[in-house]
Amino acid sequence: MTRLDRAWFARDAREVAVDLLGCTLVRRFPDGSEAAVRIVETEAYRGTDDPASHAGRRRTPRNDPMFGRPGTLYVYFTYGMHYCMNIVCEPEETPAAVLIRGAVPVRGAEHLRARRPGVPDRLLLNGPAKLTKSLELDLAFNRYDLLAANGGPDEACGGKALRILPPDSPPPGYRATPRIGISAGTDLLWRFVAEGF
DNA sequence: CTTATGATGTACT
DNA sequence: GTACATCATAAGG
């Protein structure tokens, strides 16, 4: 089965975005409980030739994580209240990342619900900021390394706070569309939605 | 199901 | 001042 190593994330963000569909994120919360979710929606962002990317112009303190090591996280705060999670791609110093836009619960859904009181299961992870809220991810995870034995900011409770696993079933089919919520680069079909589960 | 709108902080022109 | 890789809520069909 696929090895999700440094080289795997160092590829073109559009390829990684497609290959992330079906992968599982495993979150260990500060209290030791765990939840697993399957990624079903992603978007690719690149530094060059991408007017919608945070790194489309120049390097700044905010977008600097996009220039980091492949397999680390770029988490940003937006609209005054939301966090979004990206996985950095392409070689270090080449800005690119994949926004995780949607997922479905696989295990431990009760721990996700606990963070979103009153929200139906189907709405827990179907948006980039809903996903970070349900998984309790924020700026503490900016630059977090998914591949290192110890990711960085928050490794209490004797387990890795966030891990990623390859698909346990063969990669699903997908559909490509324009990205959501952008005003430039709408001609690029860099949003990928898993189909056929 | 759909569309419209306010909330709220930071980066950037 | 304006835009922003968004969401919850309210109102209409």
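Note that this is a predicted model, so its numbers are computed, not measured. Chain letters run A, B, ... following the sequence lines, proteins first, then strands; residues in each count from 1.
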Checklist entry - Between the base of C:dA5 and the side chain of A:Tyr76, is there any donor-acceptor pair under 3.5 Å? => result yes
Does OP1 or OP2 of [N] have a side-chain N or O of [X] closer than 4.0 Å?
| X | N | answer |
| --- | --- | --- |
| A:Arg57 | B:dA11 | no |
| A:Ser53 | C:dA5 | no |
| A:Thr60 | B:dA11 | no |

How far apart are the closest heavy atoms of [X] and [Y], and which atoms are they?
| X | Y | answer |
| --- | --- | --- |
| A:Leu21 | A:Val193 | CD1-C, 4.2 Å |
| A:Phe9 | A:Leu4 | CE1-O, 4.0 Å |
| A:Ala176 | A:Leu189 | CB-O, 3.8 Å |

When we call it a touch if two heavy atoms are under 4.0 Å apart, what does [X] touch: a base, just sugar-phosphate, or nothing?
| X | result |
| --- | --- |
| A:Phe77 | sugar-phosphate |
| A:Met85 | nothing |
| A:Lys133 | nothing |
| A:Arg191 | nothing |
| A:Ala129 | sugar-phosphate |
| A:Leu99 | base |

Checklist entry - Which one is paired to B:dT8, where only Watson-Crick or G-U wobble pairs with both distances under 3.5 angstrom count? => result none
Next on the checklist: Partner lookup for C:dA5, please. Criteria are Watson-Crick or G-U wobble with both distances under 3.5 angstrom; report none if nothing qualifies.
Outcome noted: none
Checklist entry - Below 4.5 Å, heavy atoms only, C-beta onward: do A:Asp19 and A:Phe192 meet side chain to side chain? => result no
Next on the checklist: From the set C:dC4, C:dC7, C:dA5, return the single nucleotide nearest to any side-chain atom of A:Ser183.
Outcome noted: C:dC4
Item to check | First encountered from the 5' end of DNA chain C, between A:Ala184 and A:Gly127 | outcome: A:Ala184
Given atom [atom1] of [X] and atom [atom2] of [N], what is their separation to the nearest angstrom?
| X | N | atom1 | atom2 | answer |
| --- | --- | --- | --- | --- |
| A:Leu123 | C:dT9 | CG | P | 11 Å |
| A:Arg58 | B:dA11 | CZ | P | 12 Å |
| A:His54 | C:dC4 | NE2 | P | 10 Å |
| A:Tyr83 | B:dG9 | OH | C1' | 10 Å |
| A:Arg115 | C:dA8 | CZ | P | 17 Å |
| A:His82 | B:dA7 | NE2 | C1' | 8 Å |
| A:Arg62 | B:dT10 | CZ | P | 12 Å |
| A:Tyr79 | B:dT8 | OH | C1' | 12 Å |

Checklist entry - For the residue pair A:Tyr83 and A:Phe77, does the interplanar ring angle fall in the parallel (under 30°), tilted (30 to 60°) or perpendicular (over 60°) class? => result tilted
Checklist entry - Just by modelled atom types, is the A:Ala129 backbone N or O under 3.5 Å from a matching donor or acceptor in the A:Thr132 side chain? => result yes
